[in-house]
There are 4 protein chains.
Amino acid sequence: MKRKHVKAKPEQDPKSRILDVALKEFAAYGIEGARVDRIANNASINKAMIYYYFSSKENLYLAVLKRNLEGMFAMLSRHLTEHLSLEETLAAFVEVYHTLFIKQPEFPRLILRELATPKSSVIPRLAKSINASQFPHRIGKLIQEGIDSGQLRAVNVQQAIVSFITMNLGYFFLSPITDRVLGVKNRKQFIVDRKTAIVDLFLYGVKTR
Amino acid sequence: MKRKHVKAKPEQDPKSRILDVALKEFAAYGIEGARVDRIANNASINKAMIYYYFSSKENLYLAVLKRNLEGMFAMLSRHLTEHLSLEETLAAFVEVYHTLFIKQPEFPRLILRELATPKSSVIPRLAKSINASQFPHRIGKLIQEGIDSGQLRAVNVQQAIVSFITMNLGYFFLSPITDRVLGVKNRKQFIVDRKTAIVDLFLYGVKTR
Amino acid sequence: MKRKHVKAKPEQDPKSRILDVALKEFAAYGIEGARVDRIANNASINKAMIYYYFSSKENLYLAVLKRNLEGMFAMLSRHLTEHLSLEETLAAFVEVYHTLFIKQPEFPRLILRELATPKSSVIPRLAKSINASQFPHRIGKLIQEGIDSGQLRAVNVQQAIVSFITMNLGYFFLSPITDRVLGVKNRKQFIVDRKTAIVDLFLYGVKTR
Amino acid sequence: MKRKHVKAKPEQDPKSRILDVALKEFAAYGIEGARVDRIANNASINKAMIYYYFSSKENLYLAVLKRNLEGMFAMLSRHLTEHLSLEETLAAFVEVYHTLFIKQPEFPRLILRELATPKSSVIPRLAKSINASQFPHRIGKLIQEGIDSGQLRAVNVQQAIVSFITMNLGYFFLSPITDRVLGVKNRKQFIVDRKTAIVDLFLYGVKTR
DNA sequence: AATGAATGAGAATTCATTCAT
DNA sequence: AATGAATGAATTCTCATTCAT
């Protein structure tokens, strides 16, 4: 029940306060651009404590990634239950990602930076986790079944998956540009519309007439 | 057949040699991670010359961006001539971007990082250039005309544009993940297929039956 | 009897040790000629600590100036109390300046350089402090009163003040030349004599017969 | 009769144009702070030419000093002819210095900087030149004769000389401060007044009643 | 746990000087 | 004489990391 000298910032244990602040820092400046000093200041904590908890900047970065990825996959697996139809699966996916990224817009930026990094060690691990989540496999299977049953056109399944995923994630990555170019004013509404637009375009694009 | 004193890489004037090397450096490490020393070495040039020509690392970075953006827009305007149909416009766009990004995979990574940077000064300028290129405006008009004439479904035009763009650019950004997840082996072929898949899905998704 | 790890010069806190050493460095080489490395070495301190405390060479320089100016004005205001006669005021002024400059010969050199610098930011501030010290104003009033009462000749008051001040400070600035030209051997004695010579010449020069 | 490509600046041979510009540069920034690039630009000349003419920055500095000192002594010896009375000598001295420094205010700043430099090699040489000019010796002799003949008080001759010189030079050095402190508006007029004020105060201060 | 101070290895930038033409 | 480009040796400043308390 110690009482801090001055400092503001609410409770929360220092470790997760550091992680919160570090996410923003890494997202904004990248690993190289991130400053341990700045993280310490923003977390209202002594710089040495960061080393006490995380031992290095690199390590802190990995801890940040880990925490956020875990959160993402937890949410995915909670919503993408088996035995959903194609329509339901797509809708669930769209819902999860949009909910996630709106809540924590820094996280996709982090991933963006990893994607820009040539020999990122994070990307392979991320790919592995995605695979483990079974989602791409499942959607692929659903599409294939649709084709086989004649409900869907004979599209290239891999391409279709990529198209669906890029439509989902792409906006979060490109919004700084697209919002400007298209003059999007009400971002909130645009994202709401986006969810239905994606599913609509995709399904309409793959279904037979 | 000029003969510089010693050094390797005689070709090209040093200024554009620096720009070439710097593009790779910035793409690989980001602005903060980039090392002026490394750029100088790889360009076989005295470090001070970089400052002679570009006055600072920041400035060099902007010069790199400028050159590549200009190249991109030059190509776009060469191919996206007016009086093309919707189908032709989409195909031209797809073609240009894919050609561009295959030729110079470093450039999108640069843009990626800028997209992740909160108060990037580059993004607004890029948006302005895109606007000036008239492309989004033109595709929007074509879609609207299609809707009015009953050839296209009454889709949300803005959303459609975003969907189309993200399907195009998204893959280049996300390929490190999607290639792994989907087990893409032949990247070249995948990209060739991608071009038709995008246009096909999009058109099929917006056209009335 | 504290014991710092290794290093020489244990005394004093590092901050003021840096300021001491820096005063000498700046006086000897000027701001541009001063070397942060040399200051760090002479202060037996890690170079980075200078930036830790003062953030830049420029800033360190200003801190040095500030400290010494404050010391000077503190001494002036201690000795130039009100209700002194003209004779006493002049004598006090002479005493203070000579004492000061003998104790710390580096400081006037710093001021000298500032005087030579066209848009020095220090000089205006120094002038303001001098004004605040009220000394020139006070001596001017005493002279004017003397003139009014007929004890002093109707000299130009401003010119008289400048004459008095330049006689005082001038020697410290010009001594490298005058000592040589006049063959001054015993500098200590010369300065002792100087104090009375200045007051004598000045008073004799302004008093009516 | 070659014709320069662009460039402004009037004629004058480049060598003396460099010297003019360099005087200002050295006066403003000191030797260490002076930039060869800036001198070259301001003289509208290629940097390499400075080395062609003067072989090094140090050398250029010495050339600047030499030229200006020679000008000063030439003027002094033209005006300080022998067989002048004390009054005439003092007046001539005052006149020469004030004329000189008004015409070229940069030069005293250069000397100021040398005076601030601990082991200046210039000061000893300057002192030698002053000695050779015989002026201090002559004024000393005149004062001594005045004392001997009873026309002057038995003042300390060395101190008197120093007082006179510092009153003359002091203002040029200290004017950035004194002008502010005393609120001197009309600098031109102040200097005119100064000439008579100095001689007046000095003579009145040394003469017997 | 917590803190202010300290450290060393860079990294960007500068600048006098020289070279090739 | 004249020029733009080139060079190398500093020099300032930064920053992740560690230490003493």
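Evaluation of the salt bridge (Lys or Arg N to Asp or Glu O under 4.0 Å) rule for D:Lys47 yields D:Asp37 as partners, not counting sequence neighbours. Shown here are the side chain to side chain donor-acceptor pair (under 3.5 Å) partners of C:Glu114, two or more places apart in sequence or in another chain: C:Tyr61, C:Ser120. The ring pair (Phe, Tyr, Trp, His ring centres under 6.0 Å) check on C:Phe54 picks up nothing, with sequence neighbours excluded. For B:Asn41, the side chain to side chain contact (heavy atoms under 4.5 Å, CB included) criterion is met by no residue, not counting sequence neighbours. Remark: D:Arg113 engages C:Thr117 in a side chain to side chain donor-acceptor pair (under 3.5 Å) (not counting sequence neighbours). For D:Ser129, there are no side chain to side chain donor-acceptor pair (under 3.5 Å) partners, not counting sequence neighbours. Under the rule for a salt bridge (Lys or Arg N to Asp or Glu O under 4.0 Å), the partners of C:Arg67 that lie at least two apart in sequence or sit in another chain are C:Asp20.
Looking at every heavy atom in both residues, C:Ala116 comes nearest to D:Arg109 through O-CD, 3.0 Å.
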Quiz item: So what is the 5' to 3' dot-bracket string for DNA chain F, if pairs are Watson-Crick or G-U wobble with both distances under 3.5 Å, crossing pairs use [ ] and | means the partner sits on another strand?
Solution: .||||||||||||||||||||
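With E:dA2, F:dA2, F:dT18 as the choices, the nucleotide that has an atom nearest any side-chain atom of A:Ala48 turns out to be F:dT18. Among the nucleotides F:dT17, F:dT3, E:dA12, the one closest to any side-chain atom of B:Lys47 is E:dA12.
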Which donor-acceptor pairs under 3.5 Å do the side chains of residues 24-32 of chain A make with protein atoms, sequence neighbours left out?
unit_1, atom_1, unit_2, atom_2, d
A:Glu25, OE1, A:Arg38, NE, 3.3
A:Glu25, OE2, A:Arg35, N, 3.0
A:Glu25, OE2, A:Arg38, NE, 2.8
A:Glu25, OE2, A:Arg38, NH2, 2.7

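Distance CD1 (C:Ile31) to P (F:dT11): 16 Å, rounded to an integer number of Å. One atom, CG of A:Asn41, and another, P of F:dA16, lie 12 Å apart when rounded to the nearest Å. Between the CD atom of B:Glu25 and the P atom of E:dA11 there is a distance of 11 Å, rounded to whole Å. One atom, CD of B:Glu32, and another, P of F:dC13, lie 18 Å apart when rounded to the nearest Å. Atom P of nucleotide E:dT3 and atom CD1 of A:Ile45 are separated by 7 Å, given to the nearest angstrom. In this entry the distance linking CG of B:Asp13 with C1' of F:dA6 reads 15 Å, nearest Å.
Contact annotation: C:Asn46 side-chain N/O to E:dA5 OP1/OP2 distance is not under 4.0 Å.
Using a 4.5 Å heavy-atom threshold, the side chains of B:Val122 and B:Leu62 count as touching.
Each side-chain hydrogen bond (donor to acceptor under 3.5 Å, both in side chains) pair with one or both residues in residues 48-60 of chain B, not counting sequence neighbours, would appear here, but there are none.
Within residues 33-40 of chain A, no residue approaches DNA chain E, by heavy-atom distance under 4.0 Å. A heavy-atom distance below 4.0 Å to DNA chain E is reached by these residues of residues 49-66 of chain C, ordered by number: C:Met49, C:Tyr52, C:Tyr53.
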